[in-house]
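Let me begin by presenting the structure, written as structure tokens, before commenting on it.
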There are 2 protein chains.
Amino acid sequence: MSGFERNLNIELVAKKAKVSTATVSRTMNGLGNVRPETAKRVWDAVRALQYHPNASARSLGSGRSRILGLIISDICNPFFPDLVKSFEDAALACGYEILLTNTNYDPDRMARCAQRMLERRVEGVAVMTSEMDQRMMEELANRSIPVVCLDSGVVENRISNIRVQYPHGIAEAIQYLYDLGHRRIGFLSGPANLGSARVRRSAFLKGLRKHHIAIEPELIQEGNHKIEGGEAAAHKLLAVSRPPTAILASNDLTAIGALRAIQQRGLRVPDDISLVGFDDIELSQLTGPPLTTIQLSRTEVGQKAFHALLTLLQGKSQRGEEYPVQTHLVVRQSTGHARSL
Amino acid sequence: MSGFERNLNIELVAKKAKVSTATVSRTMNGLGNVRPETAKRVWDAVRALQYHPNASARSLGSGRSRILGLIISDICNPFFPDLVKSFEDAALACGYEILLTNTNYDPDRMARCAQRMLERRVEGVAVMTSEMDQRMMEELANRSIPVVCLDSGVVENRISNIRVQYPHGIAEAIQYLYDLGHRRIGFLSGPANLGSARVRRSAFLKGLRKHHIAIEPELIQEGNHKIEGGEAAAHKLLAVSRPPTAILASNDLTAIGALRAIQQRGLRVPDDISLVGFDDIELSQLTGPPLTTIQLSRTEVGQKAFHALLTLLQGKSQRGEEYPVQTHLVVRQSTGHARSL
DNA sequence: TTGTAAGCGTTATCAG
DNA sequence: CTGATAACGCTTACAA
């Protein structure tokens, strides 16, 4: 039952099934041009020996790795698990393996990620982070590897882009706050060096202008997209001479930090101040009070990223495309009427 | 600057550096037996061509994949990201690549995970989930692949185990509740078919016995380690004729569900009822009130899992070992004195 | 220190 | 429908 030959390979299977290695290969790859009887003998041998073809040899022989790269910032950031899962499930369903790498927000590490992708000869890469650098893009392009980015803005040959429609959700949020009587609205931005954070910020500014609300620099504070950063930034925001009656945060973690800061100062949400997050991570339903936030479906991003890649991979057209993903306001309990002064 | 030959390989590099392919290989692998001058020529060529060795060919040629498998249940379960990250960081630092797979709590999918591992010829596997099945273990054993499990209990040749010391933390929690005057302590278990859930449950029972507290079946309800399950189970627990004054949950998600149920019933935590979670996921600091919980360091689990594998991989000894990971109570604000009746 | 050449386990082409 | 056999790109004795 156990007791095993040194190296189980296609030849042993062929021998056992009394066919050539070519026939084993054809059978296992379902190429169809094998007589059913023969195929059965092959499969019996495969099962009996518990044979699993060597993926490296397969890649080398066929010239196809059947691997897709997925680059994210940090799996511990609650934004990513859903995205990873949906991308992976879609890819697996199409017979692709995933090479998942984390940049940890570090350009050096991003370079290593890219290198690992190249060494494994991935057939396409989804870059769901903004640490992407130019040199890496070139190396991928030189090798004709399709890429899909998140919010990069560029669409070229073999480069597609998932474009999150920030303005829509943010406009909804500002309109909602405006209707509740809020006129002084603060913003807790993400780190200035982060592309998506900049886009969120400018969508916010545009929203204010639409309502003819003057933009006051002191009402915009920079966080780091983490709880601590949001907490610190919110403290600054609350310390100004005329603090805002409502705060919009660049992501939910920032909002949660703000929630903490607000409560530390003895203020209540939403009675004293309204708070709106961004992303709608699981966590935002669980805070006290549950967070009003702008939803961005990570599942949708992951699925679209995969399909964008698949299209580039199978497509006759090399042209990249833009895939929009909508955002919209989800009202929960962290927002309410502006307190009359 | 761009414009690229069809297939960049070691031979092109050798040609450019005016050496043999063997020398390129030796240089890039840092085997040391290359004259510095020669090495420089090689590296120059590598850089100039932007050469990245083909990992598949490498595996095939050397007979070593340099890949470690990591099997988890579900990356969206907040228990796992920390574990994955610490395992991965440790592995990367030692030059190993990771093949991460999710079982989604599904035995069929677990089988596919195992198959993918086998095809990729991973050098070791960390099975951090309990869907592990016997057949898979045998296939791995047949191929002499080291395995490290989480809470499996078995330690054999080439099989190590990370043993979480549940009893310690649970005893601490019960002692703590006991000192606060609690005598009726309920338990929200995990799914009965989950190994680690069963271990947690029996550690709880043992803790009760130590304090001579009678075990009442109606004070033990089964959840599913998710929020909804905890919520439903807690409702059952609160509906009995003499409800408990304190509840211990099998994991934090369950406790969070319980928190919800308690509040839905107009009760307050900890004034009316005390609540203790398990795991100490990030989230447990963010609930209202912050959750008293039993900490289990996922980072430690991930690191120990990797080192267990490394030991098995490098070790002269084939013998598996047991690696304990301690748990301990973290008191926050969801626990207080038992309400006098 | 360097080069030559035989694998490694597949796939794919080409005959039969 | 099936079988030989030449790639695929690297590593690693073995020779020089």
Side-chain angles (χ1 to χ4, degrees), chain A residues 5-43 45-46 49-67 95 97 118-123 143, chain B residues 5-43 45-46 49-67 95 97 115-116 118-123 143:
Chain A
E5 3 286 311
R6 294 290 309 151
N7 267 318
L8 182 46
N9 62 22
I10 202 172
E11 204 171 329
L12 271 318
V13 178
K15 204 160 288 176
K16 175 134 190 159
K18 299 188 191 305
V19 295
S20 70
T21 62
T23 297
V24 175
S25 175
R26 282 190 286 253
T27 304
M28 294 195 74
N29 288 303
L31 298 189
N33 44 358
V34 178
R35 193 171 9 132
E37 283 179 58
T38 317
K40 181 178 184 324
R41 284 217 313 283
V42 170
W43 284 118
V46 165
L49 296 172
Q50 293 185 157
Y51 167 67
H52 298 274
N54 181 320
S56 295
R58 228 125 90 101
S59 298
L60 200 56
S62 67
R64 298 200 45 189
S65 68
R66 292 230 137 239
I67 300 180
E97 203 67 55
L118 262 6
E119 293 184 350
R120 296 283 275 284
R121 300 293 189 269
V122 297
E123 298 182 21
R143 291 168 176 76
Chain B
E5 3 286 310
R6 294 286 313 148
N7 267 317
L8 181 47
N9 61 22
I10 201 174
E11 204 170 331
L12 271 317
V13 178
K15 205 160 290 176
K16 175 138 192 155
K18 299 187 189 307
V19 296
S20 69
T21 62
T23 297
V24 176
S25 175
R26 282 190 287 251
T27 304
M28 294 195 73
N29 289 304
L31 298 189
N33 43 0
V34 178
R35 183 157 32 113
E37 284 179 56
T38 316
K40 181 177 184 322
R41 285 217 314 284
V42 171
W43 283 119
V46 165
L49 297 171
Q50 293 185 157
Y51 169 68
H52 298 275
N54 181 320
S56 295
R58 236 138 66 118
S59 299
L60 201 55
S62 67
R64 297 200 48 190
S65 69
R66 290 229 139 241
I67 300 180
E97 201 68 53
Q115 187 189 340
R116 289 158 65 195
L118 261 7
E119 294 184 350
R120 295 283 276 283
R121 301 293 188 268
V122 296
E123 298 183 21
R143 292 168 175 75

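We name chains A, B, ... by the order of the sequence lines, and we start the count at 1 in each one.
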Problem - Nucleotide range of DNA chain D lying under 4.0 Å from chain A heavy atoms - result: D:dC1 to D:dG9

Short N/O separations, protein against nucleotides 7-11 of chain C, under 3.5 angstrom:
{"residue": "C:dC8", "atom": "O2", "partner": "B:L60", "partner atom": "O", "Å": "3.4"}
{"residue": "C:dC8", "atom": "O2", "partner": "B:G61", "partner atom": "N", "Å": "3.4"}
{"residue": "C:dT10", "atom": "OP1", "partner": "A:Y51", "partner atom": "OH", "Å": "2.7"}
{"residue": "C:dT10", "atom": "OP1", "partner": "A:N54", "partner atom": "N", "Å": "3.1"}
{"residue": "C:dT10", "atom": "OP2", "partner": "A:I10", "partner atom": "N", "Å": "2.6"}
{"residue": "C:dT10", "atom": "OP2", "partner": "A:Y51", "partner atom": "OH", "Å": "3.4"}
{"residue": "C:dT10", "atom": "O5'", "partner": "A:Y51", "partner atom": "OH", "Å": "3.2"}
{"residue": "C:dT11", "atom": "OP1", "partner": "A:N29", "partner atom": "ND2", "Å": "3.1"}
{"residue": "C:dT11", "atom": "OP1", "partner": "A:R58", "partner atom": "NH1", "Å": "3.1"}
{"residue": "C:dT11", "atom": "OP2", "partner": "A:S25", "partner atom": "OG", "Å": "2.4"}

What are the two closest non-hydrogen atoms of [X] and [Y], and how far apart are they?
{"X": "A:Y51", "Y": "A:L8", "answer": "CA-CD2, 3.8 Å"}
{"X": "B:W43", "Y": "B:T27", "answer": "NE1-CG2, 3.5 Å"}
{"X": "B:R143", "Y": "B:L118", "answer": "CD-CD1, 4.0 Å"}
{"X": "A:V42", "Y": "A:T23", "answer": "CG2-CG2, 4.4 Å"}

Side-chain donor-acceptor pairs under 3.5 Å in residues 28-38 of chain A, sequence neighbours left out?
{"residue": "A:N29", "atom": "OD1", "partner": "A:R58", "partner atom": "NH1", "Å": "2.9"}
{"residue": "A:N29", "atom": "ND2", "partner": "A:S25", "partner atom": "O", "Å": "2.9"}
{"residue": "A:N29", "atom": "ND2", "partner": "A:S25", "partner atom": "OG", "Å": "3.3"}

Handout entry: Non-hydrogen side-chain atoms of A:R120 and A:E97 separated by less than 4.5 Å
Key = no

Handout entry: N/O donor-acceptor pair under 3.5 Å between B:E123 side chain and B:S65 backbone
Key = yes

